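Not measured: the values here are computed from a predicted model. In what follows, every chain begins at residue 1, and chains take the letters A, B, ... in the order their sequences are listed. Just so you know, these numbers use all the heavy atoms, side chains as well, and skip hydrogens, waters and symmetry mates.
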Amino acid sequence: MKNLIIVESPAKARTISKFLGKDYTVKASMGHIRDLPKKRTGVDVDNGFEVTYQTDPNKKKIIEELRKAAMQAETVWLATDEDREGEAIAWHLSEVLDLKESKTYRIVFHEITKDAINQAMKTPRPINKELVQAQQARRILDRLVGFELSPLLWKKVKPALSAGRVQSVAVRMIVEREQEINKFKPQAQYRIIAEFRFSEKDNETIIQAELSKRLKSKKKAEEFLQNCKGANYEIADLEKKKAKKKPAPPFTTSTLQQEANRKLGYSVSRTMLLAQQLYESGHITYMRTDSVNLSKQAIAIAKKTISELYGDKYSQPRNFTVKAKMAQEAHEAIRPTNLNKQKVGADASQQRLYELIWKRSIASQMKDAELERTTAKIGISTMPKEFLDAKGEVITFDGFLKVYSESYDDQKANGSEKILPPMKVGDKLALIIMKAIQRFTQPPYRFSEASLVKRMEELGIGRPSTYAPTISTIQKREYVEKKNVPGEMRKYSIIELKNDQINETEKTEKYGAEKGKLIPTDIGVIVNDFLMKYFDNIVDYNFTARVEDEFDEIAEGKKDKKNMLKNFYVPFHNKVEHTLQYSEKFSGARLLGIDPKTGKNVYAKIAKFGPVIQIGEADDKEKPKFASLTKKYSLDSITLEEALKLFKFPYVAGTYEGSDLVINTGRYGPYVLHKDSFYSIPKGEDPLEISQERAIQIIEEKRKVQKEKVINKFGNELAVLNGRWGPYISYKKKNYKIPKDVDPKSLTEKECMELIDKSKAKKGRKKK
DNA sequence: CAGTGAGCGAGCTTCCGCTTGACTT
C-alpha cells in the first residue's frame, strides 16, 4: 500500500476513495480515538496539569485496523478537520499509531473534490502543536469544571446531578426566562382600527387602516371615538417606497435545527438523525457545521439549476460570510451534494428535510425580491393632527421568494401583505366601522429547543456537534421539561363606532398558550440558584467567550497552557473546597407557615428524591414528616393549604370487589392499589381527587388492555402481542415487527419464526 | 412494548467534543 489517508467520518472516507486511484486507502477514525478516563479526572493538577489518556474500549478495533494500515503504508496523510478538535485528533492518531514523522503528513481540505484533495496533498504541513495545546486546555478546563462541580451538587443538593460550562448556562437561560415571564405585568393599551370604502367611486373595495400609535387608557380611546363622530375622511398623503429582501444564507447546524423546527415541527434530535441519514446516503454535505460557505463548484451548479428552472434573471451567485461568533468553519454549509436533484430521501420525513435544504441553498443563490410598499395617510376632519394609516405591499419581482422564505419565532399571523386599490390624494372615504380594541403587552416567549440553540450559538456556547446532546442532557437530569403551556382566559373590551353610535362590548381571549417549550423544574431552579450564588463566574453568559479568547491565544503561541489553567483552577478549586466545608445543604427550603395540628413549621424543599413538603425540624426529637410533591405543584408556588393536603396519602377512595381502593404516590407517580395490584393514574389528573368510580374505571381500563394484549400464544417463548404501537411478535424477550400487509391474528407459529429469521437476516446485512 | 411502587445501610452518579453504531418502534 502506498498511501493511507485518515479522515474522521466513514461517509467522507467512502466519497474520497471514489476519486482516488488504487494507490490510496482511505480510512475513518470515527472522531476522537482516546480521551480522559471515564471515572476520574485524569488531570494531575499539582503537576502542570499533566493528563492521562485512555483509548476508548469501543475504538479498539478501529485503532488496530488503522495501526495495521499505517504500518503497511509508505505515506500516511492525516486529513482530519481543520479546527481545534480535528488537529487534536490528528495528534492523537500520530501518538497512538506511533507514526514516524518522516512518512506522516498533515493535510486539510474544505471541499470534497479531487482537485481540492490533490491541492491539499501538494501543501502538507506538520501538526500544529499550539492548536493541540489549545484543545487540551479546553478539554481539561471542561473536565475540571464538570468533575468538581457535579460532586459538590451531589453533596449539597441531590445525588446524580451535573453541572458544566455549557449545560449550566443553558439551564440558566431557561430559568431566567421563566422568571421574566412570572414577573411580567401586562399593560393594557387600545389599538384603533377602521374600515372605509370610497364615497365617490367603486363601493366594493374595503380599505383597512390603523392609528399608528396605541392609546394608553380606555378614557383616551373613548375620547378618540367621540371625536370621530360626524367626521369626514379623505386621503391626505400617499407614499410609495421601493424595498428589497435578501435571501438567508445556506444552512448551518443551528439554522437548520431552527427552521426544521418552525417549518416541519421536527425536534432538534430528529432533525439531526434525518440529516445524518441524508449525509450517509450521500445526499447532503456534512451536517455538523458552523459555516455558511458554499464551494465554487456548488455555486456554479446552483447557477445552472436556477437558470434552467426559473430563468437567468433569477440567478445571482453570492458568497456569504459567517455570522456566528466562534465559528471554526472546518466544513461547508449544509447543502445538497447535487443541487440539481430536487427530491431525494428514503421516506417522507427525510424528503421534507432534504427539500428544505435544497430550497434554502438554491434561494441563497437567487436575486433579491423587490417590493413596493404603499402607505396612505387618512385625514380626520375633526382632528387635523391625527391620521389613520392604510398600508399595502406589492411584490414587483419575487426573486428568491419564488423558492423559499425564512420563518421567525415571533411571526404573527396578520397577513400584512395587502394590496391597496388605486387611489389619489383627496379621495373621499366613508367610514364603515371604527374599533378601539383593548390589547395587552406580551411577555417574552419561552425557549423551544431550536430557539435555545440559536441563543447558545449567539453566546458561542456549545458546538454544532453538541447542541442536540446538551438539550437531551438537561432534560435527562430533569432540570427542564419540554411541555405545552395551556394558557389562560382573560377579558378584553372593544369599543365600536358605527353610524355615529358608540357601543362597548366585552370579549374573552386565550393568552399565553405555548407548545413544546422548555420549562424549568424545581430542581433546575434550585441548582441554578446554587450555581448563581457560589459560581456566578462559571454560569456567566460571557464565561465561554472569555476562555475561548484565551484558547485562541494558546493556539497562537501567545499564552502558555499551564499558566492559563493554573490561573483559572486555583481560585476555582478554592471556591469548591470552601463551599464544601462552610455552606449548608442547599435545599431551597421555603417556610410555608405553621401546621395547625402540631404547631410545627411547614417547609417546601428539595430532598434526596426530589421536591417534598416537610413538617417539623430535622433536629427535633420527633423526626419530621415528609410528603412528595405531585406533578401539579411547584416548590416556589405551592401554598400551605395545598402542601398539607399532600399528607392525605395514602388514602382509601372506596371499595371494589370487597377490597379497598388505596390511592398513593410512588416512584413512578400516583397509582391505585387494589388487591396487591398497581394501576397508574394517568398524567394530568389530580390524585388527591380520585373518586371510587374513577378508581374502578382506571382498574377496568387496564384489565381490558391486558386482556387484549395477547393476540396469540405459541408455547412460553413466542407470542403475538398488542403493544403501544400496534401488534408485534415477542420471542425470547425480544420484539419483532409485523409487516403492514399481514393480519396479526392469522399468523401461525411457523410464519412468526419466518418473520423473526427475516428480521435477523436484515440486521446482518446492515452490519456489513 | 408494560410494569415499576423509595427514603440508615453501599456504591453509584459527573464534563464537552469528535464520530457512528447498536438498539428498537
Residues in side-chain hydrogen bond (donor to acceptor under 3.5 Å, both in side chains) with A:Tyr603, at least two apart? A:Asn601, A:Glu617
Residues A:Arg455, A:Glu458; criterion salt bridge (Lys or Arg N to Asp or Glu O under 4.0 Å); working and verdict: CA-CA 5 Å; A:Arg455 189 76 190 107; A:Glu458 283 165 5; 2.8 Å; yes
Picking from B:dG7, B:dC18, B:dC16, the nucleotide nearest the side-chain atoms of A:Arg165 would be B:dC16
With the side chain of A:Ser162 defined as its heavy atoms from C-beta on, choose the nearest nucleotide among B:dT14, B:dG17, B:dC18. B:dT14
Roughly how far apart, to the nearest Å, are B:dA6 and B:dC12 at atom C1'? 16 Å
Rounded distance in Å between the C1' positions of B:dA22 and B:dA2: 23 Å
Using distance only, find each side-chain donor-acceptor pair of residues 147-165 of chain A under 3.5 Å and give its atom names and separation, not counting sequence neighbours.
| unit_1 | atom_1 | unit_2 | atom_2 | d |
| --- | --- | --- | --- | --- |
| A:Glu148 | OE1 | A:His573 | ND1 | 2.8 |
| A:Glu148 | OE2 | A:Tyr569 | OH | 2.5 |
| A:Glu148 | OE2 | A:His573 | ND1 | 3.3 |
| A:Ser150 | OG | A:Gly146 | O | 2.7 |
| A:Ser150 | OG | A:Ala163 | N | 3.2 |
| A:Trp154 | NE1 | A:Ser150 | O | 3.3 |
| A:Trp154 | NE1 | A:Leu161 | O | 2.8 |
| A:Lys156 | NZ | A:Leu580 | O | 3.1 |
| A:Lys156 | NZ | A:Ser583 | O | 2.8 |
| A:Ser162 | OG | A:Gln167 | OE1 | 2.8 |
| A:Ser162 | OG | A:Gln167 | NE2 | 3.4 |
| A:Ser162 | OG | A:Arg477 | NE | 2.6 |
| A:Arg165 | NE | A:Asp142 | OD1 | 2.6 |
| A:Arg165 | NH1 | A:Thr544 | OG1 | 3.2 |
| A:Arg165 | NH2 | A:Asp142 | OD1 | 3.4 |
| A:Arg165 | NH2 | A:Asp142 | OD2 | 3.0 |

Parallel, tilted or perpendicular: rings of [Y] and [X] (30°, 60°):
X        : Y        : value
A:Tyr651 : A:Phe649 : tilted
A:His92  : A:His32  : perpendicular
A:Phe535 : A:Phe530 : tilted

d([atom1], [X]; [atom2], [N]) in whole Å:
X        : N      : atom1 : atom2 : result
A:Glu65  : B:dG21 : CD    : P     : 12 Å
A:Lys38  : B:dC16 : NZ    : C1'   : 13 Å
A:Arg138 : B:dC18 : CZ    : C1'   : 9 Å
A:Leu673 : B:dA6  : CG    : P     : 11 Å
A:His92  : B:dT19 : NE2   : P     : 14 Å
A:Asp56  : B:dC16 : CG    : P     : 18 Å
A:Asp142 : B:dC16 : CG    : P     : 6 Å
A:Ile89  : B:dC16 : CD1   : C1'   : 13 Å

Heavy-atom side-chain contact between A:Gln54 and A:Asp35 under 4.5 Å: no
Within the 4.5 Å heavy-atom criterion, are A:Leu97 and A:Ile6 side-chain neighbours or not? yes
Any donor-acceptor N/O pair under 3.5 Å between B:dC15 base and A:Arg139 side chain: yes
Distance-only donor-acceptor test (3.5 Å): side chain A:Arg143, base B:dC16: no
In this structure, CG of A:Asn537 is separated from CG of A:Asn542 (nearest 0.5 Å) by 12.5 Å
Would you mind classifying the nucleic acid contact of [X] as base, sugar-phosphate or nothing, using non-hydrogen atoms under 4.0 angstrom?
X        : value
A:Asn58  : nothing
A:Thr473 : sugar-phosphate
A:Tyr286 : sugar-phosphate
A:Gly164 : sugar-phosphate
A:Val166 : sugar-phosphate
A:Gln276 : sugar-phosphate
A:Leu141 : nothing
A:Gly86  : nothing
A:Pro469 : nothing
A:Tyr467 : nothing
A:Ala163 : sugar-phosphate

Is [X] near enough to [N] that one of its side-chain N or O atoms lies under 4.0 angstrom from OP1 or OP2?
X        : N      : result
A:Gln167 : B:dC15 : yes
A:Arg14  : B:dT20 : no
A:Ser9   : B:dT20 : yes
A:Arg288 : B:dT19 : yes
A:Arg477 : B:dC15 : yes

Heavy-atom nearest nucleotide on DNA chain B for A:Thr466 versus A:Trp154: which residue maps closer to 5'? A:Trp154
When you match A:His331 and A:Ser150 each to their closest nucleotide on DNA chain B, which lands nearer the 5' end? A:Ser150
Determine whether the aromatic ring of A:Phe678 stacks with the base of B:dT4, defined as ring centroids separated by less than 5.5 Å and ring planes inclined by less than 30°. no
Where each pair must be Watson-Crick or G-U wobble with both distances under 3.5 Å, what dot-bracket representation of DNA chain B is obtained, with crossing pairs in [ ] and other-strand partners as |? .........................
Pair A:Val96, A:Arg34 - check side chain to side chain contact (heavy atoms under 4.5 Å, CB included), show working. CA-CA 9 Å; A:Val96 175; A:Arg34 61 176 188 178; 3.6 Å; yes
